[in-house]
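Source: prediction; values computed, not measured.
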Amino acid sequence: MTQSNSNFLVLFSFCKVIQGKEKSIICDFQKGKIKFIPNEMAAVIGMLQKDTFEKVKEQFSADAEIFDSYVAFLLEKGFAFFTASKDNFVPIENSWCSPEVINNAMVEYGFEQYDILDVLQQLDRLFVKFIEFRFTKLTEEDIPTFKRILDYCTSSVLRSARVYLPYESKAMSKQILDLVKQYPVIDCAIFYNSKFNRLIEKDEHQTFYIEQTLEEITKANVNRKFLVNNIEYFHEAQQFNPYYNKKVAITAKGDLKNCIKNKAVFGNLHRQSIREVVATGAFQEFWKVTHDQIEEVRDSELRYNYVITNDLEKINDGNYKIII
């Protein structure tokens, strides 16, 4: 529909404008595009979503050229369209919910300290959908237990799992990999402490060989250049912390944390159940720390695209700072 017989210029529902302190962006979640725009343009887009096109245009009679360039940009990039009745186009509801008590778990295990199958049963009762296993060791003697872990994962509510494994030798890694490939629930295997870096992709299964140690992996944080352009993530990031929300980490000693690398310990498998610990307000504090509350990113137009994996420290008035 052209401008001549239309009253409104409306953003497509899968396009969202996020304003920062210095500039703004348009996230096109359907096409996976992020475009930077001036804050002035973001303000104009907001006006266009409320009033008729002509009414908004009249307010920019002195800056008609700039206004026309904004409109041309929105149409050319496929972010907006003209319509005679914007009421027919309902915006996507800005909400996020998940039925799982815990949907993401990180489990560090060295074939001692605690009963891994009991842990998996507890996580299953919490409806965990994804587990990242970090094995601190895996010898020939550990293979039967490792197989029982994989068997349980296959019969659980788990949708997928990732395994970090120590690289011992070419023969041992092949033996482990041949076993892992029998279990489609494991979508990725990473051998750390390798003497080389390599990625092997076969039959929708990824295998990484990396030179990093497990300690280096544990301490690492996601680079700020990595961005998520996903509407579910966008909605979650406004209400919760998308990295910490509904997540639990279990160390090799059985300590329960928000994340393996974090300092705070909220309980231990030998004294409490996982359900008891994750239900506490102290454990869930980071779940509710949105990116709007994190000092280093709250003014950024990309705040709902960032993955903040750092530990956090409360500073004042419900705000937090990133611990480097």
Please check this pair: side chain of [X] against backbone of [Y], looking for a donor-acceptor N/O pair closer than 3.5 Å.
{"X": "Glu295", "Y": "Ile322", "result": "no"}
{"X": "Asn305", "Y": "Val228", "result": "yes"}
{"X": "Asn230", "Y": "Tyr233", "result": "yes"}
{"X": "Arg275", "Y": "Arg125", "result": "yes"}
{"X": "Lys257", "Y": "Ala249", "result": "no"}
{"X": "His270", "Y": "Gln113", "result": "yes"}
{"X": "Gln239", "Y": "Glu236", "result": "no"}
{"X": "Glu216", "Y": "Thr213", "result": "yes"}

Tell me, do [X] and [Y] make a side-chain contact under 4.5 Å, heavy atoms counted?
{"X": "Ile250", "Y": "Leu269", "answer": "yes"}
{"X": "Ile25", "Y": "Val17", "answer": "no"}
{"X": "Thr309", "Y": "Tyr244", "answer": "no"}
{"X": "Glu301", "Y": "Lys23", "answer": "yes"}
{"X": "Ile210", "Y": "Phe191", "answer": "no"}
{"X": "Val44", "Y": "Glu40", "answer": "no"}
{"X": "Arg162", "Y": "Tyr164", "answer": "yes"}
{"X": "Lys246", "Y": "Trp287", "answer": "yes"}

Take Asp142 and Lys137 through the test salt bridge (charged side-chain N to carboxylate O under 4.0 Å, His left out) and record every step on the way to the result. CA-CA 9 Å; Asp142 300 321; Lys137 74 179 186 73; 2.8 Å; yes

With a 6.0 Å cut-off on the ring centroids, do [X] and [Y] count as close?
{"X": "Phe196", "Y": "Tyr209", "result": "yes"}
{"X": "Phe111", "Y": "Phe135", "result": "yes"}
{"X": "Tyr114", "Y": "Tyr109", "result": "yes"}
{"X": "Phe53", "Y": "Phe82", "result": "yes"}
{"X": "Tyr304", "Y": "Phe234", "result": "yes"}

For Asn39 and Ser24: C-alpha separation, side-chain torsions, deciding distance, then whether side-chain hydrogen bond (donor to acceptor under 3.5 Å, both in side chains) applies. CA-CA 5 Å; Asn39 282 344; Ser24 299; 2.5 Å; yes

Output, in order, the C-alpha distance, side-chain angles, deciding distance and verdict of side-chain contact (heavy atoms from CB on, under 4.5 Å) for Thr154 and Asp151. CA-CA 5 Å; Thr154 299; Asp151 285 335; 5.6 Å; no

Considering all heavy atoms, the nearest [X]-[Y] contact:
{"X": "Val222", "Y": "Val307", "result": "CB-O, 3.9 Å"}
{"X": "Val277", "Y": "Gly267", "result": "CG2-CA, 4.2 Å"}
{"X": "Leu158", "Y": "Ala161", "result": "CD2-CB, 3.9 Å"}
{"X": "Ala84", "Y": "Asn7", "result": "O-ND2, 3.6 Å"}
{"X": "Gly318", "Y": "Gln293", "result": "O-NE2, 2.8 Å"}
{"X": "Cys27", "Y": "Ile18", "result": "SG-CD1, 3.9 Å"}

Can you label the angle between the Phe283 ring and the Phe266 ring as parallel, tilted or perpendicular, going by 30° and 60°?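 Answer is perpendicular, since the angle exceeds 60°.
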
Under 30°, 30 to 60°, or over 60°: which ring-plane class applies to Phe81 and Phe12, parallel, tilted or perpendicular?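 Ring orientation of Phe81 relative to Phe12: tilted.
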
What's the spacing between [X] [atom1] and [Y] [atom2] if we round to 0.5 Å?
{"X": "Lys253", "Y": "Glu112", "atom1": "NZ", "atom2": "CD", "answer": "11.0 Å"}
{"X": "Arg134", "Y": "Glu108", "atom1": "CZ", "atom2": "CD", "answer": "7.5 Å"}
{"X": "Glu168", "Y": "Ser194", "atom1": "CD", "atom2": "OG", "answer": "11.5 Å"}
{"X": "Asp28", "Y": "Cys15", "atom1": "CG", "atom2": "SG", "answer": "4.0 Å"}
{"X": "Leu302", "Y": "Ile34", "atom1": "CG", "atom2": "CD1", "answer": "6.0 Å"}
{"X": "Glu215", "Y": "Asn193", "atom1": "CD", "atom2": "CG", "answer": "10.5 Å"}

Under the side chain to side chain donor-acceptor pair (under 3.5 Å) test against Asp178, which residue among Gln175, Lys174, Lys181, Gln182 passes? Lys174

Salt bridge (charged side-chain N to carboxylate O under 4.0 Å, His left out) between Lys263 and Asp311, worked out: CA-CA 8 Å; Lys263 291 182 179 180; Asp311 201 349; over 6 Å; no

If you measure from the Lys or Arg side-chain nitrogens to the Asp or Glu carboxylate oxygens, is any gap between Lys129 and Glu100 under 4.0 Å? yes

Quick one: do [X] and [Y] end up in the same hydrophobic cluster if we chain Ile, Leu, Val, Met, Phe, Trp and Tyr together by side-chain heavy atoms under 4.5 Å apart?
{"X": "Tyr192", "Y": "Val163", "value": "no"}
{"X": "Tyr183", "Y": "Leu138", "value": "yes"}
{"X": "Ile190", "Y": "Tyr167", "value": "no"}
{"X": "Phe73", "Y": "Leu9", "value": "yes"}
{"X": "Phe133", "Y": "Val128", "value": "yes"}

Within a 6.0 Å radius of atom CD on Glu232, are there more than 12 heavy atoms belonging to other residues, nucleotides or ligands? no

Count the heavy atoms of every other residue, nucleotide or ligand shown that sit under 6.0 Å from CZ of Phe127, and state whether that count exceeds 12.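 No, CZ of Phe127 has 12 or fewer neighbouring heavy atoms, counting only those of other groups under 6.0 Å.
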
Member of Val157, Asn103, Val248, Ile274 meeting the side chain to side chain contact (heavy atoms under 4.5 Å, CB included) criterion with Leu126: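 For Leu126, the side chain to side chain contact (heavy atoms under 4.5 Å, CB included) test succeeds with only one of Val157, Asn103, Val248, Ile274, which is Ile274.
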
Gln206 and Leu199: side-chain contact (heavy atoms from CB on, under 4.5 Å), yes or no, with the steps? CA-CA 7 Å; Gln206 291 185 322; Leu199 165 63; 4.3 Å; yes

May I have the step-by-step check of side-chain hydrogen bond (donor to acceptor under 3.5 Å, both in side chains) for Glu285 and Tyr320, ending in yes or no? CA-CA 11 Å; Glu285 178 184 353; Tyr320 293 76; 2.7 Å; yes

Answer yes or no for Lys247 and Tyr243: cation-pi contact, defined as NZ/CZ to six-membered ring centre under 6.0 Å and angle to ring axis within 45°.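 Because its charged atom sits under 6.0 Å from the ring centre and within 45° of the axis, Lys247 does stack over Tyr243.
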
Quick one: is the NZ or CZ of Arg159 closer than 6.0 Å to the six-membered ring centre of Phe130, and within 45° of its axis? no

Between Gln272 and Asn268, a side-chain donor and acceptor under 3.5 Å: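 No.
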
Take Ser300 and Arg303, measure what side-chain hydrogen bond (donor to acceptor under 3.5 Å, both in side chains) needs, and give me the verdict at the end. CA-CA 5 Å; Ser300 172; Arg303 59 191 177 277; over 6 Å; no

